[in-house]
2 protein chains.
Amino acid sequence: MRWDIIELLFFAYRDFVGDADNELEAFGFGRAHHRVLHFVHRYPGLKVADLLDVLRITKQSLGRVLKQLLDEGYIVQRTGNNDRRQRLLYATAKGEALVGRLAGLQTDRINRALGGIGSDGADSVRKFLRAMIDHDDPDKVLATILETGGATAKDKDKA
Amino acid sequence: MRWDIIELLFFAYRDFVGDADNELEAFGFGRAHHRVLHFVHRYPGLKVADLLDVLRITKQSLGRVLKQLLDEGYIVQRTGNNDRRQRLLYATAKGEALVGRLAGLQTDRINRALGGIGSDGADSVRKFLRAMIDHDDPDKVLATILETGGATAKDKDKA
DNA sequence: AAGATATGTCAATATGGCTGACATAAACTT
DNA sequence: AAGTTTATGTCAGCCATATTGACATATCTT
């Protein structure tokens with residue numbers, strides 16, 4: 001039994017998401033909002049169904065949170081060009097700023113943690129995390145990540 | 001920005017906890033039950049306040065779940081010897097069996113993921129996860145983990 | 001004895017998720 | 001053109017898990 005990793009994962013993830021939680025509270029948002037905004041920002045033009053797939057939630061659940069983000073100007077939606085039924089989702093500048101802020105906190109934590117294990121170690125972590133994920137039947141976003149090793153068009157801000 | 005690790009962590013943790021979730025459903029339990037049972041099993045003799053600290057929840061939240069686990073025979077509580085106000089918590093054989101089952105699933109996933117990175121890589125993962133955790137003001141369990149590097153008396157079943 | 005602490009309970013509320021049902025608009029198929 | 005399917009949205013009720021506030025009893029400490 002790998003109790004060591006099981007428990008480290010619990011505490012690590014708790015603190016990792018805790019960074020954002022504290023910040024989100026000020027906006028009256030929670031984790032669900034963060035997730036939606038994150039993926040909309042990182043994968044602009046996602047349709048609603050894509051997001052449901054990624055997050056593995058129902059449209060009612062998504063609707064609740066998405067509506068708030070739309071109403072408050074963090075996300076805009078556009079009708080699809082090829083299929084006018086679709087609603088393609090994009091983060092606004094306001095939304096990007098918020099995602100950036102949250103990701104900054106999380107990145108700080110990650111960089112501190114990576115700081116002690118060198119680039120080979122960082123490689124191992126990426127390999128490990130990647131291998132922890134089920135690869136069968138990936139949603140659109142995960143498929144993108146798995147086929148690019150994590151590098152995407154939106155990674156230009158990896159400064 | 002470490003978008004790569006941020007996203008890998010999201011999906012990895014989702015799938016990691018998903019293993020247990022599916023199994024828990026059959027018992028009419030959820031994540032909260034799993035967490036409680038896990039720590040009670042791994043750190044027998046925890047008092048209620050310790051558990052509140054570890055899980056960072058209120059006694060009302062804990063009470064709901066703990067009561068179910070007590071009523072259904074997964075956990076027993078004993079009055080403290082030095083302080084009769086305390087309720088020390090222990091997993092029953094039934095409780096241990098369930099934890100073992102859940103941890104087995106998670107361990108399989110972890111071992112598969114570790115299988116690709118060798119023992120140096122595994123070391124790096126442990127160091128990384130450990131460094132991802134806030135070390136200030138640790139609760140009783142985390143303090144134990146941090147000072148022993150994850151090896152505890154209950155690790156004899158690391159077969 | 002007075003004050004502090006460990007635990008437990010009641011009650012109302014919040015976040016985020018679910019199921020079922022229904023609706024409209026748009027696209028596809030016949 | 002009509003019928004069928006699909007993309008999205010909404011209403012409603014319920015659930016899991018967590019919170020806050022208040023209060024209570026038993027036990028320990030001063």
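Since the model is a prediction, treat every value here as computed from it, not as a measurement. Every heavy atom of this structure was used, including side-chain atoms; hydrogens, water molecules and symmetry mates were not. So that the names make sense, note that chain A is the first sequence line, chain B the second, and so on, each numbered from 1.
Regarding A:Glu25, its CD atom lies at a distance of 11 Å from the P atom of C:dG16, rounded to whole Å. Atom CG in A:Asn82 sits roughly 13 Å away from atom P in D:dT8 (whole-Å rounding). Here D:dT8 presents its P atom at 11 Å from CG of A:Leu46, a figure rounded to the nearest Å. Per the geometry, CG belonging to A:Leu55 stands 19 Å off P belonging to C:dT15, to the nearest Å.
The salt bridge (Lys or Arg N to Asp or Glu O under 4.0 Å) test applied to A:Arg64 returns no partner, not counting sequence neighbours. In this structure A:Asp83 satisfies the salt bridge (Lys or Arg N to Asp or Glu O under 4.0 Å) test together with A:Arg85, sequence neighbours excluded. The side chain to side chain donor-acceptor pair (under 3.5 Å) search around B:Lys140 returns B:Asp50, not counting sequence neighbours. Every salt bridge (Lys or Arg N to Asp or Glu O under 4.0 Å) that A:Lys127 has, sequence neighbours left out, goes to A:Asp123. With sequence neighbours excluded, the residues satisfying salt bridge (Lys or Arg N to Asp or Glu O under 4.0 Å) with B:Asp15 are A:Arg56.
Identified under the ring-ring contact (aromatic ring centres under 6.0 Å, His included) test for residues 104-147 of chain A, with sequence neighbours left out: none.
A heavy-atom distance below 4.5 Å is found between the side chains of B:Asp134 and A:Arg109.
Counting any heavy atom pair closer than 4.0 Å across all strands shown, B:Asp21 reaches no nucleic acid atom.
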Report each atom pair, protein N/O against N/O of nucleotides 14-18 of chain D, whose distance is under 3.5 angstrom.
unit_1	atom_1	unit_2	atom_2	d
D:dT17	OP1	B:Arg31	N	2.9
D:dT17	OP1	B:Ala32	N	3.3
D:dT17	OP2	B:Arg64	NH2	3.2
D:dA18	OP1	B:Arg35	NH1	3.1

Heteroatom pairs (N/O) under 3.5 angstrom, protein to nucleotides 6-8 of chain C:
unit_1	atom_1	unit_2	atom_2	d
C:dT7	OP1	B:Val48	N	3.3
C:dT7	OP2	B:Ala49	N	3.1
C:dG8	OP1	B:Gln77	OE1	3.4
C:dG8	OP1	B:Gln77	NE2	3.4
C:dG8	O6	B:Lys59	NZ	3.1

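The side chain of B:Gln60 has C:dC10 as its nearest neighbour among C:dT19, D:dT27, C:dC10.
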Tell me which donor-acceptor pairs under 3.5 Å the side chains of residues 66-80 of chain B have, and how far apart each pair is, sequence neighbours excluded?
unit_1	atom_1	unit_2	atom_2	d
B:Lys67	NZ	B:Asp71	OD2	3.0
B:Gln68	OE1	B:His33	NE2	2.9

